[in-house]
Amino acid sequence: MRRPLVAFCLLAATLWATPAFAQARSQLGPLCTTDTTPADQMIDACNKIVALKVFRGEQLATIYFWRAVGWNKKGDYSKVITDATEAIRLQPSQAVYNLRGSAYYDKGDYDIAIADFDDALKLGPPSGTIFHNRGNAWRGKGDYAKAIADYDVTIKLEPKSTFSFQNRGIAKEALGDLDGALSDINQAIRLDPALPQPLINRTAIWRVRGDLDRAIADGSEAIRLAKEKRPVNIMTPPNSVLISGYIHRALAYEAKGDYANARDDYKATLAIVASDAGSKANQATAKVRLSLVTDALAPIPRDAPSPAPQPAPQQTGAAPAPSPAPVVLGKRLALVIGNGAYAHVKALPNPANDARAVAKSLRDIGFTVSEGVDLDRAAMQKVTRDFLREAARAQVAVVYYAGHGVQVDGRNYLIPIDVELKAGSSMTEAMIDMDTIMAGLDDQVRTNILIFDACRNNPMAQQVASTGSSRAIEGASGLAAPTSLGAGATLGAGTLIAFATAPGQVALDGERVNSPFSAALSRHLGTPGLEVQQMLTRVRAEVVSSTKNKQVPWSNSSLLGEVYLAAK
């Protein structure tokens, strides 16, 4: 899961230090131009100065900069960008480029953020703060080597840069260097024991290692610190630290099987107002997982069959073990669904065959597979929710779906066989939201592979009944690939998503027993020693050849290293 931690603000420390600028600040008004002024007062004071229409050029740029700082305190990043852009037009500076770049970062626009940080570095002397912030943006893009290089520069310039040690540790963790990650994050904790963020990130490392008690202890301490004292760094998105602390402790509780405490932490995550992309992604995950752990805690109905009697535990004087059993690392799970027997649109002959072939290939290489064929809405919801619940205890999770798929208002949906597609606001309630599956799996301690042999098209009620033998409900307008988890956050770290066809194109059902994509996938899936992205490259080449260039599979990855589904 993404957890943007924008360290340090470059609050014009050098820009405003000269006598000329000190005089300008005095003229412009201390409420507007003092970083400790509360956000609303700062914005109001700057508004009044702008309304006077007295200042021009460099001085007016200063006012727009400080009003942007006020908006940043409130987490209104669109207004930060607007005011910073005006300040840049009037008088470019390192401070304002850094501020705007940080706002783009918090919106998830990493490429634009990097461009702003580049421009900031061109304008002045080397700044550890700007190198650090650019490192964050590289990390957001998944380019961890470049992120580490920028953090290295920051640490060289500022050896006590707590956040750079912390974030370099996060990047090392993403590359699989857990020892290096733990060393960096421990150094961050030594530099500032009262800072909650490094403890939150150490929580994730303990979870990767299966040391859940330590994870919970670090998460609890981080939450205590976050509540005790608001972040002193005004560039830290409002509430982001507390949201991150709760979601990480909740995931540790859930992995341990302590669903009651996990539920409470997920509720706490959702009760806080989120402003930045990372916090919204955390809340999307919390919403899905809260529903799952609530189901797990639900009492068994009175008319349900009684569970088989279990032998009484031996009395030992030790505390009873938690139930269910704690997480066992290394578990490899897969969910495979093939829907073809549609009741209200033309049936597809191959998805059931495709699902069985892919499920067999996954079982042959050691996956525990939940398999469903021709599922109605209730059955599809149940098998999906059961899988997501079990995935909390998995190291690798694979999702494969074959059948009809549609896109509505920028979100993608998988279609149960009993859904009658009609225009209207309630249509999506009858389908399975792909973003919900992605949010439920959005946790960087797990590798997620999601594969969809379904086209992503916008349904038109007039044409649904005449749908032909493609896997699009309506083939007139293909859609862009999904890159978000509902609330503006980018595809979660540690995830690869693959579609049977390129954006804007139709996935063919095929004239043989299997679709062209699934036939190639089931052939290459179990190839020993083949890294998953290399495997998909072979699948793509075979599909392009077999369909005579009519279908080109597509994939997007934020994987944190090489992944081998079949053993080397």
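Heavy atoms only: backbone and side chains are in, while hydrogens, waters and symmetry mates are out.
Between R363 and E371 a salt bridge is recorded (basic side-chain N to carboxylate O distance below 4.0 Å). The pair R207-D443 meets the salt-bridge criterion, since a charged nitrogen lies less than 4.0 angstrom from a carboxylate oxygen. Note on R209 versus D179: salt bridge recorded, some NZ/NE/NH1/NH2 to OD/OE distance being below 4.0 Å. Between K74 and D40 there is a salt bridge, with a side-chain nitrogen of the basic residue lying less than 4.0 Å from a carboxylate oxygen of the acidic one.
Listed by chain and residue number, nothing satisfies the side chain to side chain donor-acceptor pair (under 3.5 Å) test with Y253 (two or more places apart in sequence, or in another chain). Contacts of T37 classified as side chain to side chain contact (heavy atoms under 4.5 Å, CB included), with partners at least two apart in sequence or in another chain: L31, T34, Q41, M42. When the side chain to side chain contact (heavy atoms under 4.5 Å, CB included) test is applied to A274, the partners found at least two apart in sequence or on another chain are I243, S279, K280, Q283. Applying the side chain to side chain contact (heavy atoms under 4.5 Å, CB included) rule to T368 yields the partners L333; only residues at least two apart in sequence or on another chain are considered. For R190, there are no salt bridge (charged side-chain N to carboxylate O under 4.0 Å, His left out) partners at least two apart in sequence or on another chain. Scored by the side chain to side chain donor-acceptor pair (under 3.5 Å) test, T527 finds no partners at all (sequence neighbours excluded). Shown here are the ring-ring contact (aromatic ring centres under 6.0 Å, His included) partners of Y266, two or more places apart in sequence or in another chain: there are none. With sequence neighbours excluded, the residues forming a salt bridge (charged side-chain N to carboxylate O under 4.0 Å, His left out) with K79 are D76, listed by chain and number. With sequence neighbours left out, D218 forms a side chain to side chain donor-acceptor pair (under 3.5 Å) with R202, W206. Evaluation of the side chain to side chain contact (heavy atoms under 4.5 Å, CB included) rule for K267 yields R263, L290 as partners, not counting sequence neighbours. Remark: D184 engages R168, K172 in a side chain to side chain donor-acceptor pair (under 3.5 Å) (not counting sequence neighbours).
Under the 4.5 Å side-chain criterion, counting only non-hydrogen atoms from C-beta, S220 is in contact with R249. With contacts defined as side-chain heavy-atom distances shorter than 4.5 Å, the pair V396/N448 does not qualify. By the 4.5 Å heavy-atom criterion applied to side chains, T129 and F131 are not counted as neighbours. Between S275 and Y77 the shortest side-chain heavy-atom distance falls below 4.5 Å. Side chains of D453 and Y401 form no contact here, defined as non-hydrogen atoms less than 4.5 Å apart. You'll find the side chain of I43 reaches within 4.5 Å of the side chain of W71, heavy atoms only. By the 4.5 Å heavy-atom criterion applied to side chains, I451 and V399 are not counted as neighbours. Residues L99 and V80 have side chains in contact (heavy-atom distance under 4.5 Å, counting atoms from C-beta outward).
The closest donor-acceptor contact from the side chain of K141 to the backbone of I114 lies at 3.5 Å or more, if one exists at all. E531 places a side-chain N or O within 3.5 Å of a backbone atom of V563 that can act as its donor or acceptor partner. When atom types are taken as modelled, the side chain of N339 and the backbone of L375 share a donor-acceptor pair closer than 3.5 angstrom. The closest donor-acceptor contact from the side chain of R134 to the backbone of D150 lies at 3.5 Å or more, if one exists at all. Panel note: side chain D442, backbone M438; no donor-acceptor pair is recorded below 3.5 Å. Between the side chain of S244 and the backbone N or O of S240, no donor-acceptor pair lies under 3.5 Å.
Here the options are N201, T154, N136, N133, the test is side-chain hydrogen bond (donor to acceptor under 3.5 Å, both in side chains), and the partner is N167; only N136 passes.
Listed here is the closest heavy atom pair of A137 and F117: CB-CE1, 4.4 Å. Taking every heavy atom of both residues into account, I365 and G526 meet most closely at CG2-CA, 3.7 Å. For the residue pair A355 and V336, the shortest heavy atom distance occurs at O-CG1, 3.3 Å. Minimum heavy-atom separation, A252 to A215: CB-CB, 3.9 Å. Heavy atoms only, all atoms of each residue included: G101 and D116 are closest at N-OD2, 3.4 Å. Across all their heavy atoms, A392 and E254 have their closest contact at CB-OE2, 3.6 Å.
Separation of atoms CG (L496) and OG (S555) is listed at 5.5 Å; rounding is to 0.5 Å. Taking CG of L521 as the start and CG of L536 as the end, the distance is 7.0 Å to the nearest 0.5 Å. Here the OH-CD1 distance, from Y104 to I81, works out to 4.5 Å after rounding to the nearest 0.5 Å. Summarising the geometry, atom OG1 belonging to T269 is positioned 8.0 Å from atom OH belonging to Y246; distances are rounded to the nearest 0.5 Å. Rounded to the nearest 0.5 Å, atoms CD1 (I216) and CG (N261) are 7.5 Å apart. The structure places CG of N412 at 11.5 Å from OG1 of T436, a figure rounded to the nearest 0.5 Å.
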> Stepwise, does the side-chain contact (heavy atoms from CB on, under 4.5 Å) test hold for L175 with I148?
Replying inline: CA-CA 10 Å; L175 293 175; I148 290 171; 3.8 Å; yes
>> Working note: D364 + K360, criterion salt bridge (charged side-chain N to carboxylate O under 4.0 Å, His left out); need CA distance, chi angles, decisive distance, verdict.
In response: CA-CA 6 Å; D364 287 346; K360 181 181 184 304; 2.9 Å; yes
>> Applying side-chain contact (heavy atoms from CB on, under 4.5 Å) to F367 and V398, what does each step give before you reach the verdict?
In response: CA-CA 9 Å; F367 277 80; V398 172; 3.6 Å; yes
> What do the steps show when you test Q395 against R332 for side-chain contact (heavy atoms from CB on, under 4.5 Å), and what is the final call?
Replying inline: CA-CA 6 Å; Q395 189 175 31; R332 289 149 52 93; 5.8 Å; no
> Can you check side-chain contact (heavy atoms from CB on, under 4.5 Å) on L195 and L225, steps first, answer last?
Replying inline: CA-CA 7 Å; L195 198 63; L225 291 170; over 6 Å; no
>> side chain to side chain donor-acceptor pair (under 3.5 Å) for Y151 and R139? Distances and angles first, verdict last.
In response: CA-CA 10 Å; Y151 296 138; R139 185 164 54 87; 3.1 Å; yes
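The aromatic rings of H132 and F163 lie perpendicular to each other, with more than 60° between the two planes, well past the 30° mark.
Within the structure, salt bridge (Lys or Arg N to Asp or Glu O under 4.0 Å) contacts touching residues 380-392 (residues at least two apart or in different chains) are D295-R385, D295-R389, K331-E390, K382-D386, D386-R389.
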